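Predicted model, so just to flag it, every value in this text is computed and none were measured.
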Amino acid sequence: MIERDDLRAAVSAGIVTEKQAATLASLADQRRGARQDLAEGDEPFELFKGFNEIFIVVGLGILATGYSAVAGLYVASGLGGYVERLLPVAALACILSWLLSEYFIRRRRMVAPAIALSLLWAGAAAIGFTAYFAQPFMVAQEDFSSLPLPLALTTVALFLHWLRFRVPFALAVVALGAFAVALVMAASSAGTPRDISDLFLLSAGGPFAWITLALGVIVFILAMVFDMSDPHRVTRRAANGFWLHVVAAPALVNTVALTLLDSGSNTLLFAMLMLFALVAVIIDRRSFLIAAVGYSVALAWVVFDGEGGAWTILTLGVVLLLLGAFWERLRAALLSAFRPVLPLNRLPPSVIHD
């Protein structure tokens with residue numbers, strides 16, 4: 001193991017530069033932070049590093065609430081036009097969010113405040129862009145033609161925030177923003193969906209289900225790009241993949257499950273869920289599977305009545321527990337069986353070797 005003294009000696013000897021030594025030390029710290037408390041083969045997941053981060057998030061929440069209350073008094077004061085009052089409020093909120101992000105994310109490298117600040121930045125940007133570009137009276141009459149632009153600009157603003165601060169959670173919200181933009185644009189051209197099932201049924205005839213399916217596929221591909229660039233999952237690229245999988249899984253299950261349920265193919269539905277499970281095991285992403293199964297449980301609770309829903313949820317629970325208990329062994333068997341067609345050097349290594 002290379003220690004800090006070894007890196008200092010390497011710099012003194014001219015073997016590596018100070019920048020390279022600092023990069024190596026940072027990578028070592030990231031690996032220890034991601035792996036030191038995990039069992040071999042487990043999936044890194046971190047929402048906060050300590051209670052101080054929760055303390056700061058609570059403070060950010062109170063600050064945002066107080067700012068919103070004061071801003072609401074100013075907007076309701078009637079001094080000037082509505083848009084003229086709301087725009088500076090949103091602009092100042094964006095500036096404050098960005099400055100706080102510079103300190104808590106770039107300098108302090110905190111996890112939970114990074115998530116909170118990403119949401120605050122997106123919310124402030126959405127308020128400003130919606131106030132300037134949207135037409136409230138048109139929206140009230142179910143005319144959404146003025147919404148795509150502010151939604152798209154908000155998504156772009158959050159993407160710029162991600163480019164600067166690299167908060168993995170923000171990338172998932174960017175994906176949801178793109179989904180919202182596509183749905184609103186489709187609603188503007190094809191009319192609003194009759195009910196929520198039109199968003200997910202391929203047989204409904206509208207574009208909404210195809211948009212959901214396309215979103216799931218695209219986000220899943222992006223998640224795999226991040227995952228395959230960091231198979232040992234020691235950098236934020238793997239965290240980006242984690243959150244994108246959380247978005248991709250429900251989007252795919254939404255469309256596939258409801259379409260198969262509508263056609264009465266319960267056996268095929270179960271087979272598709274097992275396929276999702278096998279994919280999750282091969283790519284070693286429990287986040288992908290838990291998002292898919294969690295949504296399936298909610299779906300079964302809503303769609304199935306009585307005995308059917310109870311047995312479906314019970315079956316999913318048993319399958320999930322079995323996968324959790326034998327995940328590593330099943331994954332080793334699958335990697336061995338599909339070795340000729342899988343890019344094993346881009347996937348997390350199996351902890352059980354032949």
### Task
Would you kindly confirm whether Leu99 and Ile115 end up in one hydrophobic cluster when ILVMFWY residues are joined by side chain heavy atoms under 4.5 Å apart?
no
#### Entry: Distance (rounded to the nearest 0.5 Å) between Leu87 CG and Leu92 CG
12.5 Å
### Check against side-chain contact (heavy atoms from CB on, under 4.5 Å), Thr212 and Leu215
CA-CA 5 Å; Thr212 304; Leu215 170 78; 5.7 Å; no
### Query
When hydrophobic residues are tied together by side-chain contacts of less than 4.5 Å, even through go-betweens, does Leu100 share a cluster with Val111?
no
### Query
So, do Arg285 and Pro348 sit near enough that their side-chain heavy atoms are less than 4.5 Å apart?
no
### Summary
Looking only at heavy atoms, the pair that brings Ile211 and Ala186 closest together is CD1-CB, 3.6 Å
### Query
Less than 4.5 Å apart, any side-chain heavy atom of Val173 and any of Trp243?
no
### Task
Measure the acute angle between the ring planes of Phe165 and His161, then classify it against the limits of 30° and 60° as parallel, tilted or perpendicular.
tilted
### Query
Which is it for Val281 and Leu323 under the side-chain contact (heavy atoms from CB on, under 4.5 Å) test, yes or no, and what are the steps along the way?
CA-CA 8 Å; Val281 172; Leu323 285 174; 4.2 Å; yes
### Query
In Å and rounded to the nearest 0.5 Å, what is the CG to CG distance from Leu183 to Leu176?
10.5 Å
### Query
Is a side-chain N or O of Ser336 found less than 3.5 angstrom from the main chain of Ala332, in a donor-acceptor match?
no
#### Entry: More than 12 heavy atoms from other groups under 6.0 Å of CZ on Arg346
no
### Task
Quick one: closest heavy-atom pair of Leu60 and Ala116, and the distance?
CD1-CB, 4.2 Å
### Query
Looking only at heavy atoms, what is the nearest atom pair of Pro340 and Ala337, with distance?
CD-O, 3.9 Å
### Query
Mind checking whether Leu171 and Phe226 have side chains closer than 4.5 Å, heavy atoms only?
yes
### Task
Look up atom CG in Leu334 and atom CZ in Arg329, then write down how far apart they are to the nearest 0.5 Å.
14.0 Å
### Query
CG/Asp227 to NE2/His245 distance, rounded to the nearest 0.5 angstrom?
4.0 Å
### Message
Quick check for you: to the nearest 0.5 Å, what is the distance between Phe179 atom CZ and Thr155 atom OG1?
### Response
12.5 Å
#### Entry: Student check: side-chain heavy atoms of Leu335 and Arg331 closer than 4.5 Å
yes
### Query
Judged by atom type as modelled, is there a donor-acceptor pair below 3.5 Å linking the side chain of Asn240 to the main-chain atoms of Arg236?
yes
### Query
Where is the tightest heavy-atom contact between Ala126 and Thr154, given as atom of each residue plus distance?
CA-OG1, 3.3 Å
### Task
Please answer: with hydrophobic residues joined when any side-chain heavy atoms are less than 4.5 Å apart, are Leu119 and Tyr103 in the same cluster?
yes
## Note on the structure
Residues at least two apart in sequence or cross-chain that pass salt bridge (Lys or Arg N to Asp or Glu O under 4.0 Å) with Arg106, listed by chain then number, are none
### Task
Quick one: do Met185 and Val181 satisfy side-chain contact (heavy atoms from CB on, under 4.5 Å)? Show the steps, please.
CA-CA 6 Å; Met185 290 181 66; Val181 171; 3.9 Å; yes
### Message
Measuring only between side-chain heavy atoms, which start at C-beta, is Leu96 closer than 4.5 Å to Tyr67?
### Response
yes
### Message
Give me the atom names and distance for the closest heavy-atom approach of Ser97 to Ser101.
### Response
O-OG, 2.7 Å
### Query
Among the clusters formed by ILVMFWY side chains lying less than 4.5 Å apart, do Val57 and Phe51 turn up in the same one?
no
### Query
Given Leu153 and Tyr132, is the side-chain contact (heavy atoms from CB on, under 4.5 Å) satisfied, shown in steps?
CA-CA 11 Å; Leu153 291 174; Tyr132 189 79; over 6 Å; no
### Query
Hey, is the main chain of Ala157 close enough, under 3.5 Å, to the side chain of Trp121 for a donor-acceptor pair?
yes
### Query
Transitively linked via ILVMFWY side-chain contacts under 4.5 Å: Phe338 with Phe276?
yes
### Message
Please give me the minimum heavy-atom distance between Ile283 and Arg233, naming the atom from each residue.
### Response
O-NH2, 2.7 Å
### Query
Do Arg166 and Trp162 meet the cation-pi criteria used here (NZ or CZ under 6.0 Å from the six-membered ring centre, within 45° of the axis)?
yes
### Query
What's the spacing between Leu120 CG and Trp98 CH2 if we round to 0.5 Å?
14.0 Å
